[in-house]
Amino acid sequence: VQLQASGGGLVQPGGSLRLSCAVSGRTSSSIAMTWFRQAPGKEREFVAGFRENRSTYYSDSVKGRFTISRDNTKNTVHLQMNDLKPEDTAEYFCAVRARWTTDYRNPNQYNNWGRGTQVTVSS
């Protein structure tokens with residue numbers, strides 16, 4: 001499975017960005033699709049997840065501002081980020097696994113990762 005993330009950039013506080021992650025290869029191994037982020041000096045943290053039954057999951061810090069969605073026809077997962085804050089600044093990574101896990105917030109549960117895309121929120 002190959003993952004390609006895109007859409008990062010520099011945005012002012014209150015602005016929006018839309019991240020995309022294209023999945024190729026064994027897409028049947030991409031039932032659970034998630035976004036994580038990692039700021040300098042911090043651990044990688046869960047941001048949002050999309051399950052095969054179309055359930056969505058969010059960290060408390062982004063709930064109500066971020067929306068995860070999946071385009072099955074294009075094997076792509078998106079992360080719409082609104083009302084961005086400086087604390088959202090981080091490198092964002094998409095990750096997939098073949099089956100959903102109750103431990104979905106744990107990055108060690110995923111062995112398929114894409115290269116990160118940098119999101120910087122600053123005035």
Side-chain angles (χ1 to χ4, degrees):
V1 178
Q2 294 79 44
L3 309 174
Q4 181 64 51
S6 61
L10 173 64
V11 64
Q12 293 185 345
S16 298
L17 282 174
R18 187 187 192 218
L19 305 184
S20 298
C21 178
V23 182
S24 59
R26 289 183 58 188
T27 56
S28 60
S29 299
S30 308
I31 298 299
M33 306 181 77
T34 60
W35 286 95
F36 284 77
R37 66 187 181 187
Q38 188 166 19
K42 294 188 176 181
E43 295 185 350
R44 190 167 295 190
E45 65 171 353
F46 171 81
V47 175
F50 191 99
R51 189 175 173 179
E52 72 279 7
N53 63 3
R54 305 189 69 81
S55 296
T56 55
Y57 301 81
Y58 299 94
S59 67
D60 288 343
S61 62
V62 308
K63 196 173 297 182
R65 300 187 297 122
F66 291 11
T67 302
I68 189 171
S69 61
R70 178 172 178 167
D71 183 344
N72 286 328
T73 62
K74 298 180 179 179
N75 293 319
T76 302
V77 62
H78 302 286
L79 185 68
Q80 178 66 41
M81 306 186 296
N82 298 328
D83 190 22
L84 282 161
K85 303 177 180 181
E87 51 264 42
D88 294 318
T89 295
E91 190 166 12
Y92 283 69
F93 300 86
C94 56
V96 301
R97 69 191 313 272
R99 294 186 178 184
W100 188 256
T101 172
T102 55
D103 195 21
Y104 59 88
R105 297 175 183 271
N106 183 354
N108 294 322
Q109 291 290 339
Y110 303 84
N111 53 18
N112 291 308
W113 291 87
R115 294 183 64 179
T117 184
Q118 178 67 36
V119 172
T120 303
V121 184
S122 174
S123 56

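Atoms considered below: every heavy atom in the structure, side chains included; atoms not considered: hydrogens, waters and symmetry mates.
Here the shortest heavy-atom pairing between W113 and P107 reads CZ2-O, 3.4 Å. Of all the heavy atoms in V121 and T89, the pair that sits closest is N-OG1, 2.9 Å. The shortest heavy-atom contact between A90 and A39 is CB-N, 3.8 Å. Of all heavy-atom pairs between G114 and F93, the closest is O-CD2, 3.5 Å. Closest non-hydrogen pair, T117 versus S6, comes out as OG1-C, 4.1 Å.
Once rounded to the nearest 0.5 Å, the distance linking CD of E52 with CE of M33 reads 12.0 Å. Here CD of Q38 is found 9.5 Å from CD of E45. Values are rounded to the nearest 0.5 Å. Between K85 atom NZ and S61 atom OG the span is 8.5 Å, to the nearest 0.5 Å. Separating the CZ atom in R51 from the CD1 atom in I68 is a distance of 13.5 Å, to the nearest 0.5 Å. One distance of note links OG of S69 with CZ of R54; it measures 9.0 Å at 0.5 Å rounding. For the atom pair E91 CD and K42 NZ, the distance stands at 15.0 Å (nearest 0.5 Å).
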Might you work through the side chain to side chain contact (heavy atoms under 4.5 Å, CB included) test for F66 and L84, ending with a clear yes or no? CA-CA 9 Å; F66 291 11; L84 282 161; 3.8 Å; yes
Check against side-chain hydrogen bond (donor to acceptor under 3.5 Å, both in side chains), S55 and N53: CA-CA 6 Å; S55 296; N53 63 3; 2.9 Å; yes
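Atom CD of E43 has 12 or fewer neighbouring heavy atoms from other residues, nucleotides or ligands inside a 6.0 Å radius. Open room surrounds CD on Q4; 12 or fewer heavy atoms of other groups in view lie less than 6.0 Å from it.
Screening L19, V62, V119 against R37 for a side-chain contact (heavy atoms from CB on, under 4.5 Å) leaves a single residue, V62.
Relative ring orientation between Y104 and F46 is described as perpendicular, the plane-to-plane angle rising above 60° on a 0-90° scale split at 30° and 60°.
Checked against a 6.0 Å centroid threshold, the rings of Y110 and F36 count as neighbours.
A salt bridge links K63 with D60: at least one charged nitrogen is closer than 4.0 Å to a carboxylate oxygen.
Checking side-chain atoms of T67 against main-chain N and O of Q80 turns up no donor-acceptor pair under 3.5 Å. Proximity of a side-chain donor or acceptor of R70 to a complementary backbone N or O of F50 within less than 3.5 Å is not detected.
Using a 4.5 Å cut-off on side-chain heavy atoms (C-beta onward), V11 and M81 make no contact. By the 4.5 Å heavy-atom criterion applied to side chains, S122 and L10 are counted as neighbours. With a 4.5 Å cut-off on side-chain heavy atoms, V77 and C21 count as touching.
Evaluation of the ring-ring contact (aromatic ring centres under 6.0 Å, His included) rule for Y58 yields no partner, not counting sequence neighbours.
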